[in-house]
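A quick write-up on the structure given underneath.
Nothing here was measured: the structure is a model prediction, and the numbers come from that model.
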Amino acid sequence: MGRNSKEASASPQPLLSGRTIAVAWLLFSVFMVLLVFMQNLSTGTPTDWRDALGGRLLHGLIWGLLTPLVFWLARRFDLTGNRYRLLYLLVHAVASYGLTLIYRLVYAGMMHVVVEPGSGFKLAAVVLNANVWVPIYWMLLCIAYAVQYQERYREGQLRAAHLETQLVQAQLQALKMQLQPHFLFNSMNAISALMTEDVKTARRMLAKLSQFLRLVLEGTEEQEVTLEKEMQLTRLYLEIEQIRFPDRLAVHYDLAPETLGALLPTLLLQPVVENAVRHGIAPHAGAGQLALTARRQADRLVLEVKDDGRGADGSMAWGIGLRNLQNRLAALYGNQYTFEVETAPNEGFCLHISLPYRQPALAS
């Protein structure tokens, strides 16, 4: 039986480029040099430019080289997440002292060898005073998370714009599918035939078709709707098809009550159900069954659409419709969803979808 699923993976980009880090530390070093000069000027103390320039520039150079490592640690041991926060805090505590000690050893050694030869190098003093510079690590850590939050906010805006485009495309695609001549012509022909045999049934089918088209043409600007609202359109479509094929299409609903208020993407189920009827059940001369299942598993909404039609080879199961649907789920939920197809020739078609379980926010 064929099976496929979505696996999202992306290599993270650096929080800041090397050029940006270098410029930032250079400006900081120049600021510190000016600060030393202004302090000495206010007290009448002559400025040792070799110490002022060499020491501050060396300070910026070393921390500039260590900054990418701090940013990597910030991302690798993310304190903004909910998991392992205490453990990650301990990691950063150890890293803050370790990197600061490296900074002080390199700084003191370079000052002794290059900037102020013969100034003296006391290892014990360097180790004991290293903790004074630990706040620099935590300052860089805060900057890393500030940049990370800014990136997430920008990505959220881009994702929202992308979702708007996806929604419009989905609406147009659904409208195109549902207004295809074969669907309208078949429905109208069925109504026309029933008018001479069963006027009551013909009127009922015409009313449902009218209601169905009204819901489609009204559309929605919402990215997500409740399962209950999504099922209104899906049920109407299936009821029309059951009137057309009264002895050939049996539909079974197994929707847990707690799932009816759960959110899912607009126009998610109806196109899937239509594909199942058109490609799975309609080609067969005999009766077919379609089952829709919805249940909640912890913090997940699990949906299943299954038919007992002709099925398909696993490699042929993924058409444009399913790929577009998967792209919508990826845009809306990132990697927080699963999308699996099970099918084989003459074994029907089963679509499994698992989404984060969310409900509409209560209006204040």
query = Considering the options L66, L105, V134, which one meets the side chain to side chain contact (heavy atoms under 4.5 Å, CB included) requirement together with T100?
reply = V134
query = Which heavy atom in T293 sits nearest to a heavy atom in R295, and how many Å separate them?
reply = CG2-NH1, 3.9 Å
query = Does CG belonging to L86 count more than 12 external heavy atoms closer than 6.0 Å?
reply = no
key: Atom pair CE/OG1 of M195 and T201 - distance to nearest 0.5 Å   = 11.0 Å
query = Shortest non-hydrogen contact from R235 to L255?
reply = NH2-CD1, 3.8 Å
query = Does L194 reach the side chain of I243, with side-chain heavy atoms less than 4.5 Å apart?
reply = yes
ask   = Taking all atoms of both residues into account, what is the closest heavy-atom pair of F71 and L140, and its distance?
value = CE1-O, 3.4 Å
key: Straight-line distance of L332 CG to E224 CD, nearest 0.5 Å   = 4.5 Å
query = Which class fits the ring pair W25 and F28: parallel under 30°, tilted 30 to 60°, perpendicular over 60°?
reply = perpendicular
ask   = Would a distance-only check, ignoring hydrogens and angles, find a side-chain to backbone donor-acceptor pair under 3.5 Å from T67 to W63?
value = yes
query = Who are the side-chain hydrogen bond (donor to acceptor under 3.5 Å, both in side chains) partners of S354, not counting sequence neighbours?
reply = R300
inquiry  = Tell me whether R19 contacts the main-chain N or O of I21 through its side chain, where contact means a donor paired with an acceptor under 3.5 Å.
reply    = no
request  = Identify the residue among L27, L34, V33 that makes a side chain to side chain contact (heavy atoms under 4.5 Å, CB included) with V30.
outcome  = L34
query = Side-chain heavy atoms under 4.5 angstrom apart, residues restricted to Ile, Leu, Val, Met, Phe, Trp, Tyr: same cluster for L90 and L69?
reply = no
ask   = Any side-chain heavy atom of Y357 within less than 4.5 Å of one from Q297?
value = no
inquiry  = Does any part of the side chain of L238, heavy atoms only, come nearer than 4.5 Å to the side chain of V277, both counted from C-beta?
reply    = yes
request  = With the side chain counted from C-beta on, respond yes when V251 and V273 share a heavy-atom pair under 4.5 Å apart, and no when they do not.
outcome  = no
inquiry  = A side-chain contact here means heavy atoms from C-beta on lying under 4.5 Å apart; do E241 and L290 qualify?
reply    = no
ask   = For L26 and L57, what are the C-alpha separation, side-chain angles and deciding distance, and is it a side-chain contact (heavy atoms from CB on, under 4.5 Å)?
value = CA-CA 7 Å; L26 178 60; L57 291 176; 4.2 Å; yes
Closest heavy-atom pair and its distance - M231, Y253 = CE-CE2, 3.5 Å
inquiry  = Using only atom types and a distance under 3.5 Å, with no angle test, would you say the side chain of S29 pairs donor to acceptor with the backbone of R56?
reply    = yes
ask   = Tell me, do L73 and Y137 make a side-chain contact under 4.5 Å, heavy atoms counted?
value = yes
ask   = Do I102 and W138 belong to the same hydrophobic cluster, where Ile, Leu, Val, Met, Phe, Trp and Tyr are linked whenever their side-chain heavy atoms lie under 4.5 Å apart, directly or via other members?
value = yes
query = Do E239 and K208 meet the salt-bridge criterion of a basic N to acidic O distance under 4.0 Å?
reply = yes
message = Other residues, nucleotides and ligands only: do more than 12 of their heavy atoms fall within 6.0 Å of OH on Y149?
response = no
inquiry  = In this structure, would V91 and W72 fall into the same cluster of hydrophobic residues linked by side-chain contacts under 4.5 Å?
reply    = yes
query = Checking side-chain contact (heavy atoms from CB on, under 4.5 Å) for the pair V341/F349: CA distance, chi angles, key distance, verdict?
reply = CA-CA 7 Å; V341 174; F349 189 98; 3.7 Å; yes
ask   = Using 30° and 60° as the class limits, which term best fits the ring planes of F339 and Y337: parallel, tilted or perpendicular?
value = perpendicular
task = Quick one: list whatever passes side-chain hydrogen bond (donor to acceptor under 3.5 Å, both in side chains) with Q148, sequence neighbours left out.
result = D78
key: H92 (side chain) donor-acceptor with F77 (main chain) under 3.5 angstrom   = yes
ask   = In this structure, which one of V225, L301, T226, L227 forms a side chain to side chain contact (heavy atoms under 4.5 Å, CB included) with L263?
value = T226
note = G348 and T343 have their tightest heavy-atom pair at O-OG1, 2.8 Å
note = OG (S192) and CG (L206) are apart, to the nearest 0.5 Å, by 11.0 Å
key: Joint hydrophobic cluster, V94 plus M139, side-chain heavy atoms closer than 4.5 Å   = no
task = Give a yes or no on whether Y153 and I143 share a hydrophobic cluster (residues Ile, Leu, Val, Met, Phe, Trp, Tyr; joining criterion: side-chain heavy atoms under 4.5 Å apart).
result = no
message = Is the shortest side-chain heavy-atom distance between L264 and I353 below 4.5 Å?
response = no
task = Check whether any side-chain N or O of Y145 sits under 3.5 Å from a backbone N or O of A74 as a donor-acceptor pair, and report yes or no.
result = yes
query = Which value, rounded to the nearest 0.5 Å, describes the distance between Q336 atom CD and D299 atom CG?
reply = 9.0 Å
message = Surrounding CD of Q289 (heavy atoms of other residues, nucleotides or ligands, distance under 6.0 Å), is the total greater than 12?
response = no
request  = Apply the test side-chain contact (heavy atoms from CB on, under 4.5 Å) to residues R203 and K200: give CA-CA distance (whole Å), side-chain angles for both, the deciding distance (0.1 Å), then the verdict.
outcome  = CA-CA 5 Å; R203 288 177 177 174; K200 183 177 180 181; 5.9 Å; no
remark   = To the nearest 0.5 Å, atom NZ of K306 lies from atom NE2 of H252 at 11.0 Å
ask   = Is the number of heavy atoms from other residues, nucleotides or ligands within 6.0 Å of CE (M38) greater than 12?
value = no
request  = Go through the steps for M188 and L209 under the test side-chain contact (heavy atoms from CB on, under 4.5 Å), then give the verdict.
outcome  = CA-CA 9 Å; M188 296 305 295; L209 180 61; 3.8 Å; yes
request  = Could you check if a side-chain atom of L325 sits within less than 4.5 angstrom of a side-chain atom of P265, using non-hydrogen atoms only?
outcome  = no
inquiry  = How long is the straight-line distance from CG of L99 back to CD1 of I62, given to the nearest 0.5 Å?
reply    = 12.5 Å
